[in-house]
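Just follow the structure's listing: the first ligand is 1, and inside any ligand the first atom is 1. All of these numbers come straight from a predicted model, not from anything done at the bench.
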Amino acid sequence: MTAPDLAAISTPSRLAEPGEGISLEEVQLAARNHGMPLEALRYDVTPPGMHYLLTHYDIPFVDPSTYRLTLGGLVSRELSLDLDAIRSRPQVSHLVTLECAGNGRARLEPRPVSQPWLVEAVGTSRWTGTPLAPLLREAELEGSAVDVVFTGADHGIERGVEQDYQRSLPVAEAMRDDVLLVYEMNGAPLLPQHGSPLRLIVPGWYGMASVKWLTRIEVVDAPFEGYQMRAYRVRQRYEDDGVPLTRIEPRALLVPPGFPDYMSRTRVLRAGRTTVEGRAWSGWAAVNAVEVSTDGGRTWESADLEPAPEPRAWARWTWTWDATTGSYDVCVRAGDESGRSQPVDQPWNRGGYANNLVQCVPVAVTD
Ligand SMILES: Nc1nc2c(c(=O)[nH]1)N[C@H]1C(S)=C(S)[C@@H](COP(=O)(O)O)O[C@H]1N2
Ligand SMILES: [Mo]
């Protein structure tokens, strides 16, 4: 028998045809990589099983008792550490909101065929570990160091390219004191699906940078151009060079008011005074404005914004609604101190990334 053609097995990057439904393969990805139910926006810290998940390939089995992290490449001193050695280093915790760069993709038209996120690819956790920078200093980077490459234990094929999941950070970003090697999530050991036994957390950046099942760190003398570095770019056409994704664009989400119809998912709310609530975040700067609309974005009112518990965590907001009977389209949008805000028209790009189009929820208010 001849060997099957891997390039033919691997689906090329494509856009859905007009009106083309979600495929079984997209549903298969969506079931593995679930979003955060929006009612979980009520919690400061997302309960672990409600945090979103995104794993390109399989969740690898990494045995903590034999686990080692190696740090090599352009360093004077190579390091190889087991989990005890990592755990005995200075411990730091940060509350960090993580969001997938593809959040909102399935609502784009035309739809880039990939993990079909609606808007719930987000969650906030208390991540505990040890800062990366002191380890890099201990290893002593050579003068020619440009990028730090992080390799995960997971392996797969994507658009015809067989690979380990790999992402890099420029040296200056890798040396930021809030970039952590994490072994605990919300005070418990990392769960397998979130990168056990050790993952990177890059606060403020879209999730793709926070490499799970981290096994190797390598310092290199040129910008790393691995598959995931070329893939996570905002481009209009497949051939374009595009702009690399880094920090999270501002977004606010609301807890859908009232209760849902099982199949249509339409919300039903009893008339009267109700508190509309949710969270808002940005990886660029503090969120400084949240506005709510009940008429699909024609008119807006300011919501009350609470201070974020930590700089890279989401902030709670509330808005009081005297809801009278009728049909409404309840929307929310956020802006941050850098002047960034959320568009009312879809920010379309070929990969469906950084799409922070405002969220609107149809609500039927009844007596
Ligand atoms: N090794 C590895 N790390 C990874 C990924 C992956 O597939 N493999 N997915 C990335 C992406 S795209 C996101 S959005 C986050 C998701 O983290 P979570 O599953 O813990 O929410 O992990 C990132 N780290
Ligand atoms: Mo992601």
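Side-chain contact, Arg159 with Ser10: no donor N or O sits under 3.5 Å from an acceptor N or O. Side chain to side chain, Arg279 and Thr124 fail the donor-acceptor criterion of an N or O pair below 3.5 Å. Side chain to side chain, Glu337 and Trp284 fail the donor-acceptor criterion of an N or O pair below 3.5 Å.
Using modelled atom types, no side-chain atom of Asp154 and backbone atom of Ile59 make a donor-acceptor pair closer than 3.5 Å. Side chain of Asp240 to backbone of Arg237: a donor-acceptor contact under 3.5 angstrom is found.
Of the N or O atoms in Glu99, none lie within a sub-3.5 Å distance of an N or O in ligand 1. Taking any N or O of Ser210, backbone or side chain, at least one lies under 3.5 Å from an N or O belonging to ligand 1. For the pair Gly152 and ligand 1, the shortest N or O to N or O distance does not fall below 3.5 Å. Here's the thing with Trp213: none of its N/O atoms is less than 3.5 angstrom from an N/O atom of ligand 1. Looking at ligand 1, you won't find any N or O of Tyr232 less than 3.5 Å from one of its N or O atoms. Residue contacts with ligand 1: Trp127 is placed with no nitrogen or oxygen under 3.5 Å of a nitrogen or oxygen of the ligand (distance criterion only). In terms of polar-atom proximity, defined here as any N/O pair under 3.5 Å, Arg199 does make such a contact with ligand 1.
Nearest protein neighbour of atom 7 (O) of ligand 1, counting heavy atoms only, is His56 N, 2.9 Å. Nearest protein heavy-atom neighbour of atom 15 (C) of ligand 1: Gly207 O, 3.5 Å. In this structure, atom 21 (O) of ligand 1 lies nearest to the protein heavy atom Tyr52 O, 2.9 Å. The closest protein non-hydrogen atom to atom 10 (C) of ligand 1 is Tyr165 OH, 3.5 Å. Residue, atom and distance of the protein heavy atom nearest to atom 9 (N) of ligand 1 are Leu54 O, 3.2 Å. Distance from atom 3 (N) of ligand 1 to its nearest protein heavy atom, with residue and atom name: Lys212 N, 2.9 Å.
Note that CH2 of Trp314 and OG of Ser282 are 14.5 Å apart. Values are rounded to the nearest 0.5 Å. Atoms CZ and OG1, on Arg87 and Thr130 in that order, are 11.5 Å from each other to the nearest 0.5 Å.
With side-chain heavy atoms closer than 4.5 Å counting as contact, directly or through intermediates, the hydrophobic cluster containing Val268 also holds Phe259.
Around atom 1 (N) of ligand 1, the closest heavy atom drawn from Asp154, Ile59, Leu98 belongs to Asp154. Taking each of Met208, His194, His51 in turn, the one with a heavy atom nearest to atom 11 (C) of ligand 1 proves to be Met208.
For ligand 1, the atoms lying closer than 4.0 Å to a non-hydrogen atom of Leu53 are 19 (O), 21 (O). Atoms of ligand 1 lying under 4.0 Å from any heavy atom of Thr55, numbered from 1 in the order shown and given with element: 7 (O). Distances below 4.0 Å separate heavy atoms of Cys100 from the following atoms of ligand 1: 14 (S).
A perpendicular orientation is assigned to the rings of His194 and His51, their planes being inclined by more than 60° (bins at 30° and 60°).
Proximity of Arg167 to ligand 1, defined as any heavy-atom pair under 4.0 Å, is not found for any part of the residue.
Results of the side chain to side chain donor-acceptor pair (under 3.5 Å) test with Gln228 over Gln166, Arg167, Glu158 single out Glu158 as the only residue that passes.
The neighbour count for Asp345 CG, taken as heavy atoms of other residues, nucleotides or ligands under 6.0 Å away, does not exceed 12. No more than 12 heavy atoms of other residues, nucleotides or ligands sit less than 6.0 Å from atom CD of Gln28.
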